[in-house]
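All remarks here apply to the structure that follows.
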Amino acid sequence: MYNPAFSSRGSGGYPRQSANQAWKQITMATIRETLDQLISDALSQVSGIADCQAILVPASRPEFGDYQANGVMSIAKQLKKNPRELAAAVCDRLESGELVDHFEVAGPGFINIHLSDNWLASRATALLDNQAELVQQTARPETIVVDYSSPNLAKEMHVGHLRGTIIGDSLVRILERLGHQVIRQNHVGDWGTQFGMLLAYLQQVSDDLDSLSTELEDLEAFYRAAKEKFDADPEFANQARNSVVRLQGGDEQSLMLWHRFIEESLRHCEAVYDKLQIRMRRSDLRAESFYNDSLPGIISELEKQDLLTVSQGASCVFLPEFQGKENEPLPLIVQKSDGGYLYATTDLAAIRFRATELAAERVLYVVDARQGLHFQQVFAVARAAGFVAPECRLEHVAYGTMMGKDGKPFKTRSGGLIKLIDLLDEAVRRAFDLVSARSPELDEETRREIADKVGIGAVKYADLSKNRTSDYVFDWDSMLALDGNTAPYLLYAYTRIRSILRRQEDGAEASITATSAIAITTAEERQLIVKLLRLPEILQTVATDYYPSHLCTYLFELAGLFMRFYEACPILKAEPPVRASRLALARFTAATLSEGLDLLGLETLEQM
RNA sequence: GCGCCCGUAGCUCAACCGGAUAGAGCAUCGGCCUUCUAAGCCGAGGGUUACAGGUUCAAGUCCUGUCGGGCGUACCA
């Protein structure tokens, strides 16, 4: 399901322009946008219908050219005209300027667009010295808050946190690359009843604050032990509840202990972030407890607006669009019957903070799909209460559950959750074994470095490359596979290019770009260039639908096209002008792969 | 019960506001290394897109129903 909230597609609002002007603007827009604009306008002029949509997409088959316009046929239908004739009339109106070699009518009324070889080559050449210009900054930067990762500090990060952390981080990188102002928010769980239990247990096992680090070394085991005692020992359970009350009452000793605990737990998270190369900093931390003081205000505001109903002792907001079992109205409970606040209350406070203090125009929640109803309710209540302006977009960027190979949620054999840090260590270990088997000639330190990047990259890429909303099967063998749409394949493609470039540099030759111009001499070169120039289109797509898998597919196809080029076209052995051109193309590809991988959060390497 | 998501090749997955002959990888089979890293490339086989209707010039995609699966559904997060 693509975001229904984002419906501002189409080309309305652009000024009309002649074909000749359009070519000059190509550096400002993607090829696709330029062609879309051009053909949409021509279609409007020919049909007399305002704001026609050309529906421009990459050609579905190579013989159909580079792009195709699908929009003529539905317009012809509206006009009761022959679609092929209408398409022909549109083509007549289009000039084949610098960008396009020719347009042609095809099939039932498609317009196929064949880009000019000269334009492609000169565009690629022009980008050689300043490749960053391939991806333009957006004309309308937005302030976008991204809530992602957000683990619960009571426990250690486990596999359930992996997807949100990886996907969120990639989305952030992509949005930033396009020029948006992104504000990360790590909404960690650092408050609530389980902390009473943990603090009570901590006090039991150790009076000595200095030994706290040792006690919490294995947070997961610590939590389990505390929980066991809580369930088995009524007296301890009582102490735990008292501990919560003291903590919430602002007792200094309790708060200090709590701070130490949170600090220790955060260190665990940061170790995972470091290993995963996640760009989440302390300054991005906005824990649940941050909103504690604003929770009473949320309740009173809801009350003031007559949104609050007390039901079975709990303070609720009932909205007509939410129904539960037996068509009973379904509440969003914002205050428990014992007076305590909940997840929903904190989320409402966070929404208000993000919309007002952070001035967000979009807020993305990269959170498990199972919380879909929760966010629907929270968003609806926030809007009803006016906590966000109507034009501020709130989007739940949902992701599916991580499954084991058996199709059940990913667990250890004993049924426990797998610690994320252990999973990552295993990834690196497996990668090390692979590298050692494949490249025994490399020294151990080099193999360790390679294993680190390949192992972590494999875990991240396996996740990113799959449909975000589907449940996803975690499988070591397929993610570390050497072929297919995997991190090792892409990283290998990159190292091959680097290897060529190194050889060229060793030849003491001047920089590639000084003298070289990219020329198209084969179909493989041409396909590669067309693909390279499409990067900005893909990034735009990901920035609007939040599916990093589109970027993965693009990079996989790009790497595949390079491999084909590599097999078909000698580079270093080519004659000088062609040699320089192919070297430049190789360098362009390497840079694009590197940039794309970086936007996914993967590090490249020089050799494998 | 109701709501959300899903059902595509033996397996894991694609398919860009509906578009031309539904594509990759794995697995299977067959080719390519004295030549820039074979962790690669080329080729072959493999499909009633769960099922039944409907809308449309055009449906894997939209609508209705059926079957199957996952998740959610009042004081956890």
With a 4.0 Å cut-off on heavy atoms, is [X] in touch with a base, just the backbone sugar-phosphate, or nothing at all?
| X | value |
| --- | --- |
| L491(A) | nothing |
| T193(A) | nothing |
| G324(A) | base |
| P488(A) | nothing |
| T495(A) | base |
| L373(A) | sugar-phosphate |
| P58(A) | base |
| T401(A) | nothing |
| E524(A) | nothing |
| E537(A) | nothing |
| Y566(A) | base |
| F562(A) | nothing |
| Q312(A) | base |
| S465(A) | nothing |

Legend entry - Syn or anti for rC33(B) (syn when the glycosidic angle lies within 90° of 0):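 Syn, which is what one calls it when the glycosidic angle falls within 90° of 0.
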Shortest side-chain distance from [X], nucleotide among [options]:
| X | options | answer |
| --- | --- | --- |
| S311(A) | rA74(B), rG19(B), rC41(B) | rA74(B) |
| K77(A) | rC75(B), rU56(B), rC41(B) | rU56(B) |
| R534(A) | rC75(B), rC16(B), rU73(B) | rC16(B) |
| M73(A) | rA77(B), rC57(B), rC16(B) | rC57(B) |
| V57(A) | rG19(B), rA39(B), rC17(B) | rC17(B) |
| R503(A) | rA77(B), rA74(B), rC36(B) | rC36(B) |
| Y492(A) | rA77(B), rG40(B), rC71(B) | rG40(B) |

Legend entry - Ring centre gap for H187(A) and Y291(A) strictly below 6.0 Å: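 That pair passes the under 6.0 Å test.
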Inset, instruction - Please check if the distance between the ring centroids of F562(A) and F565(A) is under 6.0 Å. - result: yes
Inset, instruction - Check whether any side-chain heavy atom of V72(A) lies under 4.5 Å from a side-chain heavy atom of I111(A), and answer yes or no. - result: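 Yes. Closest side-chain heavy atoms under 4.5 Å.
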Would you measure the distance from the [atom1] atom in [N] across to the matching atom in [M] and give it in whole Å?
| N | M | atom1 | value |
| --- | --- | --- | --- |
| rC6(B) | rG45(B) | C1' | 29 Å |
| rG72(B) | rU66(B) | C1' | 23 Å |
| rA24(B) | rA15(B) | C1' | 10 Å |
| rA9(B) | rU48(B) | P | 9 Å |
| rG10(B) | rG47(B) | P | 7 Å |
| rU8(B) | rA50(B) | C1' | 10 Å |
| rG46(B) | rC51(B) | C1' | 23 Å |
| rC29(B) | rG18(B) | C1' | 37 Å |

Inset, instruction - First locate atom CG of L555(A), then atom CG of L490(A), and finally report the distance between them rounded to the nearest 0.5 Å. - result: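 The CG atom of L490(A) is 6.0 Å from CG of L555(A), to the nearest 0.5 Å.
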Inset, instruction - Ignoring hydrogens and angles, state whether a donor on the side chain of N485(A) or Y461(A) is under 3.5 Å from an acceptor on the partner side chain. - result: yes
Legend entry - Polar side chain donor-acceptor pair, H396(A) to Q371(A), under 3.5 angstrom: no
Inset, instruction - Return the stems involving RNA chain B, sorted by first number, where pairs are Watson-Crick (N1-N3 with N6-O4 or O6-N4) or G-U wobble (N1-O2 and O6-N3), both under 3.5 Å, and runs are 3 or more long. - result: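 So the stems come out as B:1-7 with B:67-73, B:10-13 with B:23-26, B:28-32 with B:40-44, B:50-54 with B:62-66.
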Inset, instruction - If the plane angle is over 60° it's perpendicular, under 30° parallel, otherwise tilted; pick one for F379(A) and F375(A). - result: tilted
Inset, instruction - Respond yes when some side-chain nitrogen or oxygen of T541(A) is under 4.0 Å from OP1 or OP2 of rC16(B), and no when none is. - result: no
Inset, instruction - Please state whether the base of rC36(B) and the side chain of R579(A) form at least one donor-acceptor pair under 3.5 Å? - result: no
Inset, instruction - Using a 4.0 Å cut-off on protein heavy atoms (strictly under), produce a 5'-to-3' string for nucleotides 20-30 of chain B with B for base contact, S for backbone-only sugar-phosphate contact, and - for none. - result: BB--SSS----
